[in-house]
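Reading through the structure tokens given below for one structure.
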Amino acid sequence: MTLGGKHVLTVDHSGAEIFTGLGRFGFRRRLQWSEIRKVSIETWRSSKGHLRRHLVLEGERPYKFGGGQNDEKLQFALAFLRPLTDPGRI
């Protein structure tokens, strides 16, 4: 759970960078498109019974991102990223 800070997904021709943190301090993970096998939205129930969702970039290990974002933002990110992870893309 994030009490403050931001989630940033930066995309370019070679891959994506995930940043989660506050200001300049946080965690960055750079992924090449060839490393990402699947992009999906995962839903789970919190210990307090609330439904939670986040974006999952599945590669060598799953990278979960965007927890706490509304469904519209998650669906937009999913629709944007899926074609980029297609091995048959240009």
Side-chain angles (χ1 to χ4, degrees):
M1 177 164 93
T2 303
L3 297 175
K6 62 183 177 178
H7 302 281
V8 178
L9 178 64
T10 306
V11 175
D12 64 23
H13 67 281
S14 63
E17 181 180 85
I18 300 169
F19 173 81
T20 302
L22 183 62
R24 296 183 331 203
F25 303 100
F27 299 97
R28 291 185 191 278
R29 174 64 181 148
R30 179 87 181 140
L31 300 165
Q32 300 299 315
W33 294 126
S34 59
E35 295 176 60
I36 303 170
R37 292 188 308 267
K38 183 180 173 185
V39 180
S40 62
I41 294 175
E42 184 178 271
T43 304
W44 79 99
R45 191 168 299 279
S46 73
S47 60
K48 294 185 178 186
H50 303 286
L51 285 179
R52 303 285 187 209
R53 297 176 68 157
H54 53 228
L55 195 63
V56 181
L57 305 177
E58 296 180 31
E60 187 176 309
R61 60 170 273 219
Y63 295 94
K64 298 176 181 179
F65 174 81
Q69 299 297 317
N70 65 40
D71 286 343
E72 185 177 337
K73 288 180 182 180
L74 290 173
Q75 290 293 336
F76 176 84
L78 180 67
F80 181 80
L81 290 171
R82 271 194 175 154
L84 297 173
T85 62
D86 178 12
R89 72 183 176 92
I90 297 174

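Every heavy atom of this structure was used, including side-chain atoms; hydrogens, water molecules and symmetry mates were not. Positions are given from 1 along the sequence.
- Between the CZ atom in Arg29 and the CG atom in Leu9 there is a gap of 13.5 Å [rounded to 0.5 Å].
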What verdict does the side chain to side chain contact (heavy atoms under 4.5 Å, CB included) test give for Tyr63 and Val39, after you've listed the backbone C-alpha separation in whole Å, the side-chain angles of each residue and the deciding distance to 0.1 Å? CA-CA 10 Å; Tyr63 295 94; Val39 180; over 6 Å; no
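- In this structure, CD1 in Ile36 is found 7.0 Å from OG1 in Thr85, a value given to the nearest 0.5 Å.
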Just do the side chain to side chain contact (heavy atoms under 4.5 Å, CB included) check on Trp33 and Val11 with the steps written out, would you? CA-CA 10 Å; Trp33 294 126; Val11 175; 3.4 Å; yes
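- In this pair, His7 and Phe65 present their aromatic rings perpendicular. The plane angle is above 60°, beyond the 30 to 60° band.
- Remark: Leu74 CG to His54 NE2 distance equals 9.5 Å, nearest 0.5 Å.
- With a 6.0 Å radius and a threshold of 12 heavy atoms from other residues, nucleotides or ligands, Gln32 has its CD atom above the threshold.
- For the residue pair Gly23 and Phe19, the shortest heavy atom distance occurs at O-CZ, 3.4 Å.
- Note: Arg37 CZ to Glu60 CD = 8.5 Å, rounded to the nearest 0.5 Å.
- We find the NZ-CG distance between Lys64 and Leu57 to be 12.0 Å, quoted to the nearest 0.5 Å.
- Under the 4.5 Å side-chain heavy-atom criterion for ILVMFWY residues, a single connected hydrophobic cluster contains both Ile41 and Leu31.
- Within the model, atoms CG of Leu55 and OG of Ser40 stand 7.5 Å from one another, a figure rounded to the nearest 0.5 Å.
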Is there a side chain to side chain donor-acceptor pair (under 3.5 Å) between Ser14 and Arg30 once you walk through the steps? CA-CA 10 Å; Ser14 63; Arg30 179 87 181 140; 2.8 Å; yes
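- Scanning both residues, Glu58 and Val56, for their nearest heavy atoms gives CG-CG1, 3.6 Å.
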